Amino acid sequence: MINLVGLAWWVEVKTESPRCIYYFGPFLTADEAEAAKPGYVEDLQQEDAQGIEAVTKRCKPAQLTIYDDDLGELPSKVTPSFSSPLT
């Protein structure tokens, strides 16, 4: 239910190579998402992904994996942070 209204917490992971955005979740709290984040990053490192940046945020992703062809220009660096549309 919480995900239906966009209040769920997700881990968004961007990689430079391959150039993708992954969404992991949903989580009920930011703390739960933060606790899970290292495991997702580690899995991608084991798959030889490069330039991994991960953030925890409230959102409602339309797709869980977005590949290079679907991406426009990505920012060169992503600063990990908490974000919420309520703040």
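Values below: all heavy atoms of this structure, side chains included; hydrogens, waters and symmetry mates excluded. Note that the structure is a prediction, hence the values are computed from the model and not measured.
- The heavy-atom pair separating Ala33 from Trp9 by the smallest distance is CB-CB, 4.2 Å.
- Expressed to the nearest 0.5 Å, how far CG of Asp68 lies from SG of Cys20 amounts to 7.0 Å.
- Put simply, the side chain of Phe24 does not reach to within 4.5 Å of the side chain of Val41, judged on heavy atoms.
- By the side-chain hydrogen bond (donor to acceptor under 3.5 Å, both in side chains) test, Tyr23 pairs with Glu12, sequence neighbours left out.
- The minimum heavy-atom distance between Ile21 and Lys14, with the atom names listed, is CG1-CG, 3.7 Å.
- Summarising the geometry, atom CD belonging to Glu42 is positioned 10.5 Å from atom CD1 belonging to Ile52; distances are rounded to the nearest 0.5 Å.
- Side chain of Gln50 to main chain of Asp48: a donor-acceptor pair is present (N/O by atom type, distance under 3.5 Å, no hydrogens or angles).
- Within the model, atoms CD of Gln45 and CD of Glu47 stand 11.0 Å from one another, a figure rounded to the nearest 0.5 Å.
- Between Pro26 and Ala8, the shortest heavy-atom contact is CB-CB, 3.5 Å.
- Ala36 is linked by a side chain to side chain contact (heavy atoms under 4.5 Å, CB included) to Phe27, Tyr40, counting only residues two or more places apart in sequence or in another chain.
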